[in-house]
Amino acid sequence: MATLEEVKADLRYLELLADKFPTITAATTEIINLEAIMNLPKGTEHFLSDLHGEVSAFQHVLNNASGVIRRKVDDIFGMTMREQDKRALCALIYYPEERLRLVREQEIDIQDWYRITLHQVVAVARMVSSKYTRSKVRKLLPADFAYVIEELLHEDQSEPDKQHYYNGIINSMVDVNRAEPFIIAICELIKRLVIDTLHIVGDVYDRGPGACRIMEILSQYHDYDIQWGNHDISWMGAAAGNRALMANVLRISIRYANVETLEEGYSINLLPLATFAIDTYGSDPCTVFQSKDFENNPRMKRSLQLMSRMHKAISIIQFKLEGQTILRHPEYGMNDRLLLDKIDYERGVLCLDGKEYPLTDTNFPTIDPNDPYALSAEEEALMDQIAHSFFTSEKLQHHLRIFYQHGSLFLTRNNCLLYHAAIPLNPDGTFEEVLVDGTLWKGRELMQKCDSMIRKAYFAPWGSGERAQALDFMWYLWCGPKSPLYNKDKMTTLERYLTSDKELCRESKGAYYELANTRETCENILREFGLNPAKSRIINGHIPVRTQLGESPMRAEGMRLVIDGGFSKAYHKTTGIAGYTLIYNSHGIQLVQHEAFNSIDDAVSKGIDIHSRFQLEKFNHRMYVRETDRGSELTQQVRELEKLLYAYRNGLIKEKK
């Protein structure tokens, strides 16, 4: 209980708290409510990484909760329902509108189907809502059916009269032709309840065509957070005003035959780039700059030649803008990436370290050999137009704000440390010092400083030196050797485009990527972030796990989990699978391995829903809210309310009406 000294020390705060809880009754009621919440089972957390624009696969994973809904259906109906009927029920929950259209075409007695199905979906909803307070469930109920759903969720099956009442509700729903909208509403409720919190451990963007739609889905989601990945930082920096990153975003989109996100998602006008590319490279086949995977994109295949020219145009601009950034910031230590001035344009060779490498492309009409990093007047005008498109895209700017509101460079939650890529380390395992904003930082302080710089790039005043410095640093985070989002010695984009020497294109990983596979290193990292290594884990993405080569997502004796399983189709051949979901619920921690998602039609009509599940840890006892970070917050709130009660009961604060 509270003491007089504690209450007096916090009296001004308690007076403010009294505005919210103006009486002894109000304060005690809230204490009872908080204590009850702490005795509920811990909510289910899902961790996903490296979505890379694969919106259909992402939506399916959310819809089926990585297999959790199917397990609930098995638990409820067991051997009382046929396998094909279970698959059909699950398909209905995942895609209610699509499934209902199919059912209307196939069912002979649709009224009877409605009644049976309503009982089934209510049973599933009742089970998944059982671990939450009525108040929390009530907030998630659709307004049109809130009262009815709440009644059905708390059905007392032991009372015959009540059973008759509930059957009456369902029969009435069918009789007044409201069965279908009700089924849709309750299926959506199930999907919202089965995942309490969603963690995206980086890289929503690039590769696939649906990053914009993924962000729209997240913007409507009830509880989620994002740990920024290197591809996210590229888009965030571009949207905030870094022109080198704008060029990078365009280059990668064209390279992977994916301009839908730019044009259709964000209304970025590519016509100026197309016009410039035709004018500048109209007779150049630009073979080296042919897009990848264009065969799977009919639109790109039809305009392959134009896209190749656009690809070359924006790549050359990017190389120039990156060179300008390096020249402005010698502290980045990236002078070895200044390559345009190492080209002998007459002879068509790249001269590095006393060696000459023949170029695969020698037509560079916009490069002045005497000043290779200067944009031409036409390139300057083009970048002005591109920047205008980025700044005036309302949807892109809205999604940028979502990244800032829900995102961070790292997160500690319920004994898990989440970050996308790396913590820079020295070869001996100590934390590497990195110069940021004139000061050396390492470990947790480095991550906090980088997070701060990312926010300054957006929130610092326009035109200020502080904002310009932070915007340039966003580019360093994308490709800098000591960046916690990259952490390789170099990014060899130019070499891969313009030379055929594989050794020259080699990128060497920082010490972290090897050392973090050892228990000792992971323990040091966890302690650095204030976590107990005996009961904590690191969760990363960034590096695809090549399961077909025998790699495991579990590293350092299970202390680090790498959950990049290759959502992106571009990585399926590398990983052999199509993504992971890490599930952390009140019973334990599981890893779900996904196979490639084919189509919504297969899921709806055939009930195809394939995944494999691995148990990583089963707890000795069920975990309750009291044992989580949320429980610690609620315990503190209870403590403060107990102080308020003391103040009321001892006359230090008077009750209000």
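Remember, it's a predicted structure, so these values are computed and weren't measured experimentally.
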Ring pair (Phe, Tyr, Trp, His ring centres under 6.0 Å) partners of residues 2-22, not counting sequence neighbours, each pair once: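 Non-adjacent pairs meeting ring pair (Phe, Tyr, Trp, His ring centres under 6.0 Å): zero.
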Scan residues 410-455 for pairs that pass ring pair (Phe, Tyr, Trp, His ring centres under 6.0 Å), counting only residues two or more places apart or in two chains.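 Every pair satisfying ring pair (Phe, Tyr, Trp, His ring centres under 6.0 Å) with a residue in residues 410-455: Phe410-Phe529, His420-His542.
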Using side-chain hydrogen bond (donor to acceptor under 3.5 Å, both in side chains) as the criterion, point out the one residue from Asn540, Asn517, Asn487 that pairs with Tyr512.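 Running side-chain hydrogen bond (donor to acceptor under 3.5 Å, both in side chains) over Asn540, Asn517, Asn487 with Tyr512 returns exactly one hit, Asn540.
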I'd like to check the side chain to side chain donor-acceptor pair (under 3.5 Å) partners of [X]; sequence neighbours left out, ordered by chain and number.
| X | answer |
| --- | --- |
| Glu54 | none |
| Glu15 | none |
| Thr521 | Thr518 |
| Trp478 | none |

Sequence neighbours excluded, every pair satisfying side chain to side chain donor-acceptor pair (under 3.5 Å) that has a member inside residues 421-433: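 Qualifying pairs, neighbours excluded: Asn426-Thr430, Asp428-Thr430.
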Among Phe47, Tyr221, Phe58, find the residue that satisfies the side chain to side chain contact (heavy atoms under 4.5 Å, CB included) test when tested with Ile200.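 Option passing the side chain to side chain contact (heavy atoms under 4.5 Å, CB included) with Ile200: Phe58.
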Short question: side chain of [X], backbone of [Y] - any donor-acceptor pair under 3.5 Å?
| X | Y | result |
| --- | --- | --- |
| Asp232 | Trp228 | no |
| Glu627 | Tyr624 | yes |
| Thr28 | Thr25 | yes |
| Asp196 | Glu45 | no |
| Asp50 | Gly541 | no |
| His46 | Ser66 | no |
| Arg546 | Glu551 | no |
| Ser49 | Val201 | yes |
| Arg560 | Ala516 | yes |
| Asn414 | Thr628 | no |

For the residue pair His406 and Tyr224, does the interplanar ring angle fall in the parallel (under 30°), tilted (30 to 60°) or perpendicular (over 60°) class?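 If you compare the ring of His406 with that of Tyr224, the planes turn out parallel.
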Over 60° means perpendicular and under 30° means parallel, so classify the ring planes of Tyr94 and His60, tilted if in between.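 The rings of His60 and Tyr94 stand perpendicular, inter-plane angle above 60°.
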Between Asn230 and Asp203, is the side chain to side chain contact (heavy atoms under 4.5 Å, CB included) condition met? List the steps. CA-CA 7 Å; Asn230 53 321; Asp203 280 358; 3.1 Å; yes
Any heavy-atom pair between the side chains of [Y] and [X] that's under 4.5 Å?
| X | Y | answer |
| --- | --- | --- |
| Tyr404 | Phe459 | yes |
| Pro553 | Leu561 | no |
| Lys139 | Lys136 | no |
| Cys212 | Leu396 | no |
| Leu218 | Leu198 | yes |
| Leu641 | Leu17 | yes |
| Leu62 | Ile217 | yes |
| Ile149 | Pro142 | yes |

Under the side-chain contact (heavy atoms from CB on, under 4.5 Å) test, residues paired with Ser452 that sit two or more places apart: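 Partners of Ser452 by the side-chain contact (heavy atoms from CB on, under 4.5 Å) criterion, ordered by chain and then number, come out as Lys456.
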Pairs where residues 528-541 contributes a residue and the test salt bridge (charged side-chain N to carboxylate O under 4.0 Å, His left out) is met, not counting sequence neighbours: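 Listed once each, the pairs are Arg537-Glu617.
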Salt bridge (charged side-chain N to carboxylate O under 4.0 Å, His left out) contacts in which one or both residues fall within residues 632-641, not counting sequence neighbours: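 Listed once each, the pairs are Glu6-Arg639, Arg630-Glu633, Arg639-Glu642.
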Would you check, one step at a time, whether the test salt bridge (charged side-chain N to carboxylate O under 4.0 Å, His left out) holds for Asp75 with Arg71? CA-CA 6 Å; Asp75 290 343; Arg71 295 192 71 182; 5.9 Å; no
Any side-chain donor-acceptor pair under 3.5 Å between Asp206 and His52?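 There is no such pair (donor and acceptor under 3.5 Å, judged by atom type) between the side chains of Asp206 and His52.
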Centroid-to-centroid, His231 to Tyr205, below 6.0 Å?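 Here the rings of Tyr205 and His231 have centres that are no less than 6.0 Å from each other.
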Is a salt bridge present between Arg70 and Asp74, judged by a nitrogen-to-oxygen distance below 4.0 Å?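 Result for this pair is yes, salt bridge flagged.
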Do the charged groups of Glu150 and Arg138 touch, with an N to O distance under 4.0 Å?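 Counted as a salt bridge, because a side-chain N and a carboxylate O are separated by less than 4.0 Å.
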Is the number of heavy atoms from other residues, nucleotides or ligands under 6.0 Å of Gln405 CD greater than 12?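 More than 12 heavy atoms, drawn from other residues, nucleotides or ligands, come within 6.0 Å of this atom.
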More than 12 heavy atoms of other groups within 6.0 Å of Glu514 CD: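 Not more than 12 within 6.0 Å, no.
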Check the pair Lys191, Glu188 against side chain to side chain contact (heavy atoms under 4.5 Å, CB included), reporting the backbone distance first and the verdict last. CA-CA 5 Å; Lys191 289 184 285 190; Glu188 295 302 323; 3.1 Å; yes
Can you list the steps and then say if Val121 with Cys187 is a side chain to side chain contact (heavy atoms under 4.5 Å, CB included)? CA-CA 7 Å; Val121 293; Cys187 287; 4.2 Å; yes
If the condition is salt bridge (charged side-chain N to carboxylate O under 4.0 Å, His left out), which residues does Arg527 pass it with, not counting sequence neighbours?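 Arg527: no salt bridge (charged side-chain N to carboxylate O under 4.0 Å, His left out) contacts found.
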With sequence neighbours excluded, residues passing salt bridge (charged side-chain N to carboxylate O under 4.0 Å, His left out) with Asp223: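 Per chain and number, Asp223 pairs via salt bridge (charged side-chain N to carboxylate O under 4.0 Å, His left out) with no residue.
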Nearest-0.5 Å distance, CG of residue Leu417 to CD1 of residue Ile423: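 Leu417 CG to Ile423 CD1: 6.5 Å, rounded to 0.5 Å.
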Working to the nearest 0.5 angstrom, can you tell me the gap between Lys482 NZ and Cys450 SG?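 Going from the NZ atom of Lys482 to the SG atom of Cys450 covers 12.5 Å.
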Side chain to side chain contact (heavy atoms under 4.5 Å, CB included) evaluation trace for Val638 with Ile31: CA-CA 6 Å; Val638 168; Ile31 289 173; 4.2 Å; yes
Is the terminal nitrogen or CZ of Lys449 (NZ for Lys, CZ for Arg) located under 6.0 angstrom from the six-membered ring centre of Phe473 and within 45° of that ring's axis?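 No.
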